[in-house]
Q: 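Mind looking over this structure? Questions follow.
Throughout, residue positions are numbered sequentially from 1 according to the sequence presented.
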Amino acid sequence: MFLDIKNAIGFNREGQFVKIEPWGKNAFRVRAAMHGNLPDENWALIEAEKCDFTVEKDEDCHKITNGKIKAVINKYGKITFYNQNGKQLLKEHWLDDTALLIDAREFKPIVGGDYTLTARFESIKDEKIYGMGQYQQAIMDLKGCELELAHRNSQASVPFYVSSHGYGFLWNNPAHGRATFAKNVTLWTADSTKFLDYWICAGDTPKEIERQYATATGKTPMMPQNAMGFWQCKLRYRTQEELLEVAREYKKRGLPLDVIVVDFFHWPFLGDFRFNEKFWPDPDAMIKEINDMGTQVAVSIWPFIEDKSENYREMRENGYLVTSERGLPFSHTYIGNSIPFDATNADARRYVWEKAKKNYYDKGVRIFWLDEAEPEFEVYDFENYRYSIGPVVQSGNIYPSRYAQGFYEGRKAEGETEILNLIRCAWAGSQKYGTLVWSGDVRSSFDSFKQQICAGLNMAMSGIPWWTTDIGGFFGGNVNDPEFKELLVRWFEYGTFCPVMRLHGDRQPKFPGTGLVGGEKCGSGSPNEVWSYGEEVYKILKPYLFIREAMKPYITQIMQTAHTDGDPVIRPLFYEFSDDKAAWNVEDSFMFGDKILVCPISDYKQREKTVYLPCGAVWTDVWSGEKYEGGQYVTVDAPLEKLPLFARDDFDASFITKAFNDNF
């Protein structure tokens, strides 16, 4: 039965209410629930801009047209989407008129609870799918993949994708589940939920789709100028003096350094949100000295609260902690028993920010590293935990977004506009809270390196413009291993052309902690500064610091378009060259902004690379100066000290070669 809804079309089928309404330019939001209980929460979306649309109704179907997209519900309640040229974009997959009796929108009741939801769409032949967040696989085109809709350390579920078929799709539901892009059907499942909620838009190019998504979910702030250069980090600087020695050495050597990071367990107990005065006796003086060098201090924050923390009892009594459904009220046992604060609780977010403000922000810290943001459970028993907004299985994927929101809103209240928080996870819409996502604790291997290249580009297509990695990987890098040294060099070259360039890792062999109580028990990795790997490695790494510095005017332009338009910083080739069919198949090269083509070297002892140059442009080899017409593959040299780079059309990239030659 058709429903008469103002500014929308709808349908009631056996108690299931469906509503389709315009939600921004060329886009619709589709919601369904049993018994008319449509959700009021916008989740990833922000309030829609007003747009012109038309509605047509007859006894066989209702139609609504919003710019380049049209939705049609037929008299049986089945939905199909078309673009402005009448091309079918997406159609629900129904088999209820066969002996199979399969519905496209299936709400299966959970005994005594809500529903397991399955949404089915027809699979599109030859469609390519990009986005969906960050998964540890060397795959960019996700057609044929099944993806877990849940966060883990190094996995971020951001359920938005761009289709080569001319549409973008957001699964606007934070419940855990799965997405399956099979040959025969596309499936979305939520393990436990009350509703179906998705957003779809049409666009003639990936760029148009991505920009519409950014408008619908919020745009990233402008990146602070003093975060666009090089970041120094390791696991971990154990004392104030260790950190100062490194910062002073960068200054002594005349090396550019924008940010230096105080990593985890600098606190007395997890959840204290302050420096341990035993090892960090004068953080005010430390921060001032480093700031006077032109470098910012970033400080690690964990969401976990240990039962020995000075804040534990108050937070527990106020209901600020995640609760467990059974067993002990802890989810983590690393150096103590702890459980995360409930970031879905606005009062808990304010409480944590006020602690961070007093003990870090008021001392001069302006960059926060929001670690463990999934949050990481020691055992991923999602059904055993509950947030204030509901069970984790229904709402868990929104946690990193709310975590970032607390620090974003706290800093905004202090008058800041260029807000950045380094964070280990994200969900749809997280970008509007100044999130710089990094890919988590990944292995130090060439295979892992390949995976990060694809992961970063899919995060970019998921609407997360700021993304980075631990240069060199996190786990397993031995400072004495020649293969690791080569990996570090190749990853460092790649990192120079990421949204943020950050050296980090748990280098082997390990160093012990500084004591036996609380955070001081936490050990450290071997030195991880650019000079730590010998003169041969240092000779190569050093010029890339100056290349990054020389690129700052260009990086500023890229960051401005990310802020104003929603364009990603790193881009698959098809983002700029969508008419070039070959560009859609390239997964090992990317555009840094719209002018520089970057070709990472991701195999051990590889010294040349075959590169595809998209048609519609003239390409200049940055190192040799040789020019090539686009639309062809070329094989170029890739000595250890250089990764292949190409400049588009008349872009003058001579500042790159000058920075290299002046410092090599």
Side-chain angles (χ1 to χ4, degrees), residues 222-232 250-251 253-259 294-296 456 465-468 471 489-503 530 537-563 567-571 573 575-576 589-601 609 611 613-614 617-628 630 634 636-664:
M222 181 62 188
M223 179 173 279
Q225 187 75 28
N226 59 11
M228 295 182 191
F230 176 64
W231 294 38
Q232 173 62 50
Y250 271 96
K251 184 73 172 178
R253 291 173 181 254
L255 301 176
L257 179 64
D258 273 16
V259 179
T295 300
Q296 291 288 312
W466 299 350
W467 178 90
T468 189
I471 289 178
V489 167
R490 291 307 198 185
W491 208 316
F492 201 89
E493 293 168 351
Y494 160 75
T496 305
F497 298 91
C498 282
V500 159
M501 181 186 187
R502 174 176 158 273
L503 180 61
V530 292
V537 172
Y538 177 58
K539 181 182 178 182
I540 299 174
L541 302 188
K542 179 182 175 182
Y544 283 89
L545 297 177
F546 288 93
I547 289 173
R548 182 74 185 195
E549 199 69 13
M551 284 198 298
K552 277 188 173 179
Y554 176 64
I555 295 171
T556 301
Q557 294 175 21
I558 305 172
M559 293 300 177
Q560 186 63 47
T561 63
H563 169 53
D567 291 328
V569 177
I570 53 175
R571 308 168 186 179
L573 300 192
Y575 194 85
E576 292 294 329
S589 301
F590 61 92
M591 297 296 296
F592 184 59
D594 62 340
K595 301 297 185 185
I596 300 176
L597 173 57
V598 183
C599 313
I601 303 299
K609 185 170 178 116
V611 176
L613 303 175
V618 175
W619 298 94
T620 302
D621 185 320
V622 169
W623 303 114
S624 71
E626 187 171 353
K627 294 185 180 294
Y628 301 90
V634 298
V636 294
D637 291 335
L640 183 59
E641 69 273 11
K642 293 178 180 177
L643 81 167
L645 297 170
F646 294 84
R648 178 180 180 180
D649 293 330
D650 57 352
F651 182 70
D652 182 3
S654 60
F655 61 88
I656 293 177
T657 51
K658 183 178 189 307
F660 183 89
N661 293 332
D662 288 350
N663 293 282
F664 184 65

Q: Would you compute the distance between atom CE of Met501 and atom CD of Gln232 and round it to the nearest 0.5 angstrom?
A: 10.5 Å

Q: Is Glu493 close to Ile540 at the side-chain level, that is, under 4.5 Å between some pair of heavy atoms?
A: yes

Q: Taking atom CE of Met551 and atom CZ of Phe546, what is their separation to the nearest 0.5 Å?
A: 13.5 Å

Q: Let me know which of Val622, Thr620, Asp621, Leu573 forms a side-chain contact (heavy atoms from CB on, under 4.5 Å) with Leu597.
A: Leu573

Q: Could you state the interatomic distance from CD1 (Ile471) to CH2 (Trp491), rounded to the nearest 0.5 Å?
A: 9.5 Å

Q: Could you walk me through whether Phe655 and Tyr554 pass ring pair (Phe, Tyr, Trp, His ring centres under 6.0 Å), step by step?
A: CA-CA 11 Å; Phe655 61 88; Tyr554 176 64; 7.2 Å; no

Q: With sequence neighbours left out, write down each residue that passes ring pair (Phe, Tyr, Trp, His ring centres under 6.0 Å) with Tyr538, or none if nothing qualifies.
A: none

Q: Kindly write out the residues that satisfy ring pair (Phe, Tyr, Trp, His ring centres under 6.0 Å) with Phe497, not counting sequence neighbours, or none if the list is empty.
A: Phe592

Q: Sub-3.5 Å donor-acceptor pair from the side chain of Arg571 to the main-chain atoms of Glu576, do we have one?
A: no

Q: A side-chain contact here means heavy atoms from C-beta on lying under 4.5 Å apart; do Asp258 and Lys552 qualify?
A: yes

Q: Donor-acceptor pairs are to be reported for all side-chain atoms of residues 637-644 against protein atoms at under 3.5 Å, with residues two or more places apart or in another chain.
A:
none

Q: Could you check whether any side-chain heavy atom of Lys542 comes within less than 4.5 Å of a side-chain heavy atom of Val530, counting everything from C-beta outward?
A: no

Q: Could you tell me the separation between the CD atom of Gln560 and the CE atom of Met223, rounded to the nearest 0.5 Å?
A: 12.5 Å

Q: For Glu626, which residues count as a side-chain hydrogen bond (donor to acceptor under 3.5 Å, both in side chains) partner, sequence neighbours excluded?
A: Tyr628

Q: Can you measure from CD1 (Ile596) to CD1 (Ile558) and round to the nearest 0.5 angstrom?
A: 6.5 Å

Q: Under 30°, 30 to 60°, or over 60°: which ring-plane class applies to Tyr250 and Phe230, parallel, tilted or perpendicular?
A: tilted

Q: Got a sec, which residues hit side-chain hydrogen bond (donor to acceptor under 3.5 Å, both in side chains) with Trp231, two or more places apart in sequence or on another chain?
A: none

Q: For the backbone of Met228 and the side chain of Arg548, can you confirm whether one donor and one acceptor N or O come within less than 3.5 Å of each other?
A: yes

Q: With sequence neighbours left out, write down each residue that passes salt bridge (Lys or Arg N to Asp or Glu O under 4.0 Å) with Lys658, or none if nothing qualifies.
A: Asp662

Q: Please round to the nearest 0.5 Å and tell me the distance separating atom CG of Asp567 and atom OH of Tyr575.
A: 3.5 Å

